[in-house]
Amino acid sequence: MAYAKGHELRRPVEPLRALGAMRQLIADKEDTAQVFRIVKALSGNSYYRNFNRFMKSSDGRRIASDRADLLETLCDRKRLATCAPGTLGRAYLDFVYGEGLTAEGLAEASEAGGLEDFGDPDVSLYRRRLRDSHDLFHVVTGYGRDALGELCVLSFGNAQFYNHGIAFIVGVGIPKMKLEAAQLPVARAAFEAWRRGRAAADLTTFYWEENLDRPLEDVRRELRLRPPETYQRVRALSEQLERDYQAVRQA
């Protein structure tokens, strides 16, 4: 089936804007809005290409036809609480509550970072779905919210839907993190995450809403996700370093 629209996703590359946002992100890695600004500044035609790939897939077309609202689903805590322990939905609920996160918070950060409204409803659905699935990526890939886990999720995602902005963040993040935490295998973990992303099924076309009640391990098998071995070996240390960082930041 021929499909080519979403031209409003084509963007000029703005390296100076990206550099300014990167400086602010380096100064405060919790400033999530800067991530969205960097990605927007360097996205070029990547979202356009990935959107058309999404719409050429049968799953993507079905999601668009159903007008599936992932954010609404993830904000429905009563619905998520009905999911049995060990399921995708319960694992997501435990993850966001355990990390003090909300689906709404990510949406607010994206708006602060300049996520646009698009005239084409399919384009709007695709862009918001990509944003809203970020913490679901964390859950199914097994990467935590520590700095190394975030870097690995970005590297994984970039293997699935390449974006110059994400590549820039990962490229800057690896040497910076190696300087700050030399005891962590940062480059090895990030490269493993990229290889996992290449080997996995396409998570951007996965119908998350229909799979909330399935066992998480079944979902991982369907998505061809093997364990993140390098990250798992150092996760406890990485999370302790993250706690130390947060303690200093809040002092």
- Hey, any chance Leu25 and Leu148 share a hydrophobic cluster, counting ILVMFWY side chains that come within less than 4.5 Å of each other, even indirectly? yes

- Does a side-chain N-to-carboxylate-O contact under 4.0 Å join Arg214 and Glu222? yes

- Task: Can you run down the salt bridge (Lys or Arg N to Asp or Glu O under 4.0 Å) pairs that involve residues 155-175, sequence neighbours left out, and say none if there aren't any?
- Result: none

- So which heavy atom on Asp202 is nearest to which on Thr204, and how close? OD1-OG1, 2.6 Å

- His138 pairs by ring-ring contact (aromatic ring centres under 6.0 Å, His included) with which of Phe95, Tyr92, Tyr231? Phe95

- Taking the six-membered ring where the residue is Trp, are the ring centres of Tyr143 and Phe156 under 6.0 Å apart? no

- Could you verify whether a donor N or O on one side chain and an acceptor N or O on the other, from Ser238 and Asp146, lie under 3.5 Å apart? yes

- Query: Are a donor atom and an acceptor atom from the side chains of Tyr47 and Arg11 found within less than 3.5 Å of each other?
  - Reply: no

- Message: salt bridge (Lys or Arg N to Asp or Glu O under 4.0 Å), that's the test. Do Arg37 and Glu14 meet it? Break it down for me.
- Response: CA-CA 10 Å; Arg37 292 191 176 107; Glu14 302 176 285; over 6 Å; no

- Item | NZ/NE/NH1/NH2 to OD/OE distance under 4.0 Å, Asp122 and Arg61 | no

- Determine whether the side chains of Asp66 and Tyr207 contain a donor N or O and an acceptor N or O closer than 3.5 Å. yes

- Item | Tyr162 and His164 aromatic ring geometry - parallel, tilted or perpendicular at 30°/60° bounds | perpendicular

- Message: Under a 4.0 Å threshold between the charged nitrogen and the carboxylate oxygen, would Glu209 count as salt-bridged to Arg79?
- Response: no

- Please test Gln240 against Arg243 for side-chain hydrogen bond (donor to acceptor under 3.5 Å, both in side chains), starting from the C-alpha separation and ending with a verdict. CA-CA 5 Å; Gln240 182 59 55; Arg243 287 191 291 270; 2.8 Å; yes

- Note on the structure: Hits for side-chain contact (heavy atoms from CB on, under 4.5 Å) against Glu217, two or more places apart or cross-chain, chain-then-number order -> Arg220, Arg221

- Once you round to the nearest 0.5 Å, how far does OG1 of Thr87 lie from CG of Leu216? 8.0 Å

- Salt bridge or not for Arg226 and Glu192, using N-O below 4.0 Å? no

